[in-house]
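Notes follow once the structure below has been shown.
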Amino acid sequence: MKLNNLNLKFISALVLAGTLFYAPNLEAQNKKKKKNKNKTEAVAPAPKKNKEKTIADLVKSSHKIDGLFPVYQDSITGSLQMLISEDQIGKEYIYFSQIADGVMEAGRSNRGSYRGSKVFKIERYFNKIEFITQNTSFYFDPENPLSKSKEANISQGNMASLKVEAHDKEKGLYLIKADDLFLKETFSQIKPASRPGASPTSFKLGGLNKDKSKIKSIKNYPENTNLEVEYVYSAPSVLAGGSSAVSDSRNVSIKVFHSLIEMPNNDYQILLDDPRVGFFTTEVEDQTSTSSTPFRDLVHRWHLVKKNPELAVSEPVEPITWWIENSTPLEWRETIKQGVLQWNEAFEKAGFKNAMAVKIQPDDADWDAGDIRYNVLRWTSSPEPPFGGYGPSFVNPKTGQILGADIMLEFAHFTNRVFYDKLFNLASESEAFDYSNLNETDYKYCSYGHLMHEDLMFANAVAEATGASELEMERIKKESMLALIMHEVGHTLGLNHNMKASYLYSPEQLATPEFIAGKCLTGSVMDYATLNITKDRSKQGQYDDVAVGPYDIWAIQFGYTPFNSESEKVNLLKQSTKPELIFGNDADDMRAPGKAIDPRVMINDQSNDPITYSIDRIELSNSLMETVKQRFTKEGESYQALRRAYYLLSNQKAGATNVISRQIGGVYVDRAMAGQEGAKQPYTPVSLEDQTRAMKALSKYAFAPDAFDAPNDLYNYLAMQRRGYNFFKGPEDPKIHEQVLGYQKSVLSHLLHPNTLQRITDSELYGNKYVLSKFMTDLNNAIFKADIYGNVNSFRQNLQLEYTNTLIGMLTGKQNSRFTNNTKSMALYNLKAIKNMAAPSGNIASKAHKQHLRTLIDNAIKEIK
Ligand SMILES: [Zn+2]
């Protein structure tokens, strides 16, 4: 047996203590060991008191990296020591971290992922230096005596308490060991906590291995100290290996950039948030205010100062400078630059000329994109792309001033790589997402690129199928790229999403190329609008935004204009009732079933008549489906491209039916303040006409017996190209019924969501004319009337059973208490109607199906108490 160090130490300790090896049992042996160990310590001679070591003694084998916090790295062991000066004690600093590289399996630990910033203070406690997180969530008016109790019931966080190794009284310097600060998760938690209820077979990181973890680089500047650390998480054995991006699932590395930043000392003016405009904020509550809205939420924005304050439009002292990373494909650099500079139009209206500047990172640059002093447009091609684009920024939590930003772009955006799991689960994905536990960095997460990628592939398929020229294909790519860049840059300027902005132009206007030329197709590039693809191909104009929208300009005016008076700002905000300035963000959007209420605040929609626009999209997909086999089968190639086209077309249809479904029980929300010109009441239910129109469309395009028909001979060809053993885990045949039912269930999960049903009844009190009994009867008819008296095809059998079980669930299911009594009454009423309709008729399969329905209903009725 090879003895390692630990064993040797252990044995020598035993030998020293004279312990015998023939102890009768292990427990007794262990007890003795402990006892003897103490004895050893007790009898050991007291160490001689050494002369106190000086800083110079302790750092003599180290290399010094000077900066805000001077760091010494031992040239033999690599371990770190750090200097703290007396004037840094009691002072506040900003801590910020981002992922340098990671794996998608470990939460959002992908390259460039920002992890938020916080304020910490350095304190001294006897011979210790402490790093203490400060609370920045509350404001106390310093004039108010209550401010004396501002620390009451607020917990600060002591992240680290480190012994002073040496003290230079004369120079006022303290030396501490810094390995514990950076090689442990001291400043921030990196390994995600395992979720209760998570599958025991899901991927997990092992424990943090301090021996394998190491400092990758130290970059020290007068205003910030930056370290890149590689954390290694090890486990002796693992159940789940993760994706192929994980080379060794027992040893997984996550690299993190840590930055300790000096608190900016400038004349930055805080700007408080207004609910009519969508900026990212740091929420602060005024504890000394008696207002019913004691909010002092800090808008996130850059510190932009006019070079010539006397001019209406001036260049800034320092522009917001963007660097195109040297990894960016050459052919995209010009479009990317254009996307950034488009925002200058908005800044001009806020009084700044050339507020944004773009430079290209030289190939031999001595800095990398992780350097917080540079805002970088980065480019990656990840194995599991977490997004198409992502535009995070970080701020001074005390003021909201943006201190740095990056934009991550994924090459996958421009490929035809289909992530089938994502395509197939379009509907269930948002449903399964846990909205209850989001933090600030989650709100900044942007899935625009992902959604756009699907649209982009669809647009390509449409163009390809309708014989578009190369030029047209290039145009689709370029416009979508420009739109994506403008969107992500918008985030870095502080803007959050505006999912309501697509409610601007009519479908006719969007199908008038001259009208939309050169415009943003919605009120804002911050929406997730679907690409503009006209059903009538002769009317195809712009596919996507090529300029920032009217809302974007107005929002930048609010965020960046150096207002001369409060009334100037108030007057600007009063314009919020203009149709082109409507705003609603992710919190209001209806992508998840039952989550929100205003159907205008939806993703993947377009135009101020989303029902018509969606129907057009469905009909376009249906007509392409007719010829998809001929168009996408290429001689000498496998059927992978055909399979992709089939899923893209089906998915577009399904997405469009989801958009339509949000009208049912929808309530328009108006964010205007009372008395504002053009303001409407906050809540106005969707008109009876629109709700009925939506129901009819769903009946035809989501539920009808032929809603998801595809030419039968298509199914024989939906085969993936074989690769190694890639069907080993499950059969390869396309699960067509499951796919179609998935689409239908996704619509039903909104229509029959307890929140939707409850709102339909409630909103009858304030103007909803599409009453619950009418809606539920219409839905029942849509699902049964067309075929229940004759043959029921296999798609409809699936749908009818699924729906019937949902109604039964409302009465007797585990979740039945979530449904209102009048919903339950209507569910029972409809079940009885189904039973009456489902008399035995049609072919054997149809008879069996109807008998199944009746049995389910009979049994359920018996259970009802
Ligand atoms: Zn976004």
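All residue numbers in this chain count up from 1 along the given sequence. Quick caveat: nothing in here was measured; it's all calculated off a predicted structure.
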**Request:** Determine, using ring centers only, whether Phe187 and Phe182 are less than 6.0 Å apart.
**Result:** yes

**Prompt:** Would you call Asp586 and Arg591 a salt bridge, taking side-chain N to carboxylate O under 4.0 Å as the test?
**Reply:** yes

**Request:** Kindly give the heavy-atom pair with the smallest separation between Leu208 and Lys184, and that separation in Å.
**Result:** CD2-CA, 3.9 Å

**Item:** Donor-acceptor pair between His300 and Thr282 side chains, under 3.5 angstrom
**Value:** yes

**Prompt:** Can you tell me if Glu488 uses its side chain to pair, donor with acceptor, with the backbone of Gly391 under 3.5 Å?
**Reply:** yes

**Request:** List the atom of Ala405, the atom of Trp302, and the distance in Å for their closest heavy-atom pair.
**Result:** CB-CZ2, 3.9 Å

**Prompt:** Hey, does the side chain of Thr399 reach the backbone of Gln401 with a donor-acceptor pair shorter than 3.5 angstrom?
**Reply:** yes

**Prompt:** Would a distance-only check, ignoring hydrogens and angles, find a side-chain to backbone donor-acceptor pair under 3.5 Å from Asp297 to Thr281?
**Reply:** no

**Message:** Do Pro562 and Lys306 make a side-chain contact, defined as non-hydrogen atoms from C-beta onward lying under 4.5 Å apart?
**Reply:** yes

**Message:** Can you tell me how far apart CG (Asn460) and OH (Tyr543) are? Round to the nearest 0.5 Å.
**Reply:** 9.0 Å

**Atom pair CD (Glu479) and CD (Glu474), whose distance is rounded to the nearest 0.5 Å** = 11.5 Å

**Prompt:** Is the shortest side-chain N to carboxylate O distance from Asp589 to Lys595 below 4.0 Å?
**Reply:** yes

**Asked** Is any side-chain N of the basic residue among Glu92 and Lys398 closer than 4.0 Å to the acidic one's carboxylate O?
**Response** yes

**Asked** With no hydrogens and no angle check, do the side chains of Tyr95 and His258 hold a donor and an acceptor under 3.5 Å apart?
**Response** yes

**Request:** Using the side-chain contact (heavy atoms from CB on, under 4.5 Å) rule, take Ile336 and Thr328 through it: C-alpha gap first, then chi angles, then the decisive distance, then the call.
**Result:** CA-CA 10 Å; Ile336 291 172; Thr328 305; 3.5 Å; yes

**Prompt:** How far apart are the closest heavy atoms of Leu521 and Asn532, and which atoms are they?
**Reply:** CD1-CB, 3.6 Å

**Asked** Is Asn326 reaching over with its side chain to a backbone N or O of Pro362, donor-acceptor style, under 3.5 angstrom?
**Response** yes

**Complete:** Scanning both residues in full, the closest heavy-atom pair of Leu260 with Leu68 reads O-CD2, 3.5 Å

**Asked** Rounded to the nearest 0.5 Å, how far does NZ of Lys500 lie from CG of Asp605?
**Response** 12.0 Å

**Request:** Would you indicate whether the side-chain heavy atoms of His487 and Met452 approach each other to under 4.5 Å?
**Result:** no

**Polar side-chain atom of Trp322 near backbone of Leu377 as donor-acceptor pair, under 3.5 Å** = no

**Item:** Test item: Trp554 side-chain N/O and Val277 main-chain N/O as donor-acceptor pair under 3.5 Å
**Value:** no

**Request:** Check the pair Ser259, Asn224 against side chain to side chain donor-acceptor pair (under 3.5 Å), reporting the backbone distance first and the verdict last.
**Result:** CA-CA 6 Å; Ser259 293; Asn224 47 66; over 6 Å; no

**Request:** Output, in order, the C-alpha distance, side-chain angles, deciding distance and verdict of side-chain contact (heavy atoms from CB on, under 4.5 Å) for Lys359 and Thr321.
**Result:** CA-CA 7 Å; Lys359 292 178 180 173; Thr321 304; 4.1 Å; yes

**Message:** Taking CD in Glu185 as the centre, count heavy atoms belonging to other residues, nucleotides or ligands within less than 6.0 Å. Is the count above 12?
**Reply:** yes

**Asked** Would you say the ring centroid of Tyr528 lies under 6.0 angstrom from that of His497?
**Response** yes

**Message:** For Phe69 versus Asn220, what's the shortest heavy-atom pair and its separation?
**Reply:** O-ND2, 2.9 Å

**Prompt:** For Ile582, does its backbone N or O pair with a side-chain atom of Asn498 as donor and acceptor, under 3.5 Å?
**Reply:** yes

**Request:** Evaluate the side-chain contact (heavy atoms from CB on, under 4.5 Å) criterion for residues Asp368 and Glu325: first the C-alpha distance (whole Å), next the side-chain angles of each, then the deciding distance (0.1 Å), finally the verdict.
**Result:** CA-CA 9 Å; Asp368 58 44; Glu325 195 176 23; over 6 Å; no

**Message:** More than 12 heavy atoms of other residues, nucleotides or ligands under 6.0 Å from NZ of Lys118: yes or no?
**Reply:** yes

**Item:** Interatomic spacing from OG1 in Thr561 to CZ in Phe347 - rounded to 0.5 Å
**Value:** 10.0 Å

**Item:** Pairwise distance CD1(Ile270) to OH(Tyr139) - rounded to 0.5 angstrom
**Value:** 7.5 Å

**Close side-chain approach of Arg301 and Leu271, heavy atoms under 4.5 Å** = yes

**Message:** For Phe96 and Phe257, I'd like to know if the aromatic rings sit close, meaning centre-to-centre distance below 6.0 Å.
**Reply:** no

**Asked** Applying the side-chain contact (heavy atoms from CB on, under 4.5 Å) test to Leu484, which of Ile407, Leu409, Thr335 qualifies?
**Response** Leu409

**Message:** Please give me the minimum heavy-atom distance between Trp332 and Lys478, naming the atom from each residue.
**Reply:** CZ3-CA, 4.1 Å

**Request:** Any chance you could lay out the side chain to side chain donor-acceptor pair (under 3.5 Å) test for Glu230 and Ser253, step after step, and finish with the verdict?
**Result:** CA-CA 6 Å; Glu230 178 175 348; Ser253 287; 2.6 Å; yes

**Message:** Does Asn266, at its CG atom, have more than 12 non-hydrogen atoms belonging to other residues, nucleotides or ligands within less than 6.0 Å?
**Reply:** yes

**Prompt:** Is there a donor-acceptor pair closer than 3.5 Å between any side-chain N or O of Lys64 and the backbone N or O of Val71?
**Reply:** no

**Request:** Could you grab the distance from atom CD1 of Ile603 to atom CG of Asp527, nearest 0.5 Å is fine?
**Result:** 9.5 Å

**Request:** Report yes if the side chains of Ile556 and Lys349 come closer than 4.5 Å at any heavy-atom pair, otherwise no.
**Result:** no

**Request:** Find out whether Phe280 and Thr492 are in side-chain contact, i.e. whether some heavy atom of one side chain is under 4.5 Å from a heavy atom of the other.
**Result:** no

**Side-chain (Gln189) to main-chain (Lys191) donor-acceptor, under 3.5 angstrom** = yes

**Request:** Determine whether the aromatic ring centres of Phe352 and Tyr560 lie less than 6.0 Å apart.
**Result:** no

**Prompt:** Any chance the rings of Trp323 and Trp367 have centres within less than 6.0 Å?
**Reply:** yes

**Request:** Would you kindly say whether Asn251 and Ser234 are connected by a side-chain donor-acceptor distance under 3.5 Å?
**Result:** yes

**Asked** Is the backbone N or O of Lys353 less than 3.5 Å from a side-chain atom of Glu348, with the two atoms forming a donor-acceptor pair by type?
**Response** no

**Asked** With a distance cut-off below 6.0 Å to the six-membered ring centre and an angular limit of 45° from the axis, does Arg373 pair with Tyr221 as a cation-pi contact?
**Response** yes

**Request:** Say whether Ser524 and Asp552, considering side chains only, have a donor N or O and an acceptor N or O under 3.5 Å apart.
**Result:** yes

**Asked** Is any NZ, NE, NH1 or NH2 atom of the basic residue among Lys210 and Asp180 found under 4.0 Å from an Asp or Glu carboxylate oxygen of the other?
**Response** yes

**Request:** Could you tell me whether the side chain of Gln134 reaches within less than 4.5 Å of the side chain of Gln156, counting heavy atoms only?
**Result:** yes

**Prompt:** In terms of side-chain heavy atoms, does Asp544 have a donor or acceptor partner in Ser480 at a distance below 3.5 Å?
**Reply:** no

**Evaluation steps, side-chain contact (heavy atoms from CB on, under 4.5 Å), between Tyr93 and Ile261** = CA-CA 6 Å; Tyr93 294 88; Ile261 306 163; over 6 Å; no

**Message:** Please determine whether side chain to side chain donor-acceptor pair (under 3.5 Å) holds for the pair Asn354 and Glu315, giving the CA-CA distance in whole Å, both sets of side-chain angles, and the decisive distance to 0.1 Å.
**Reply:** CA-CA 6 Å; Asn354 299 329; Glu315 297 213 333; 2.8 Å; yes

**Val548 and Ile553, any side-chain heavy atoms less than 4.5 Å apart** = yes

**Any Gln361 side-chain heavy atom under 4.5 Å of Ile324 side chain** = no

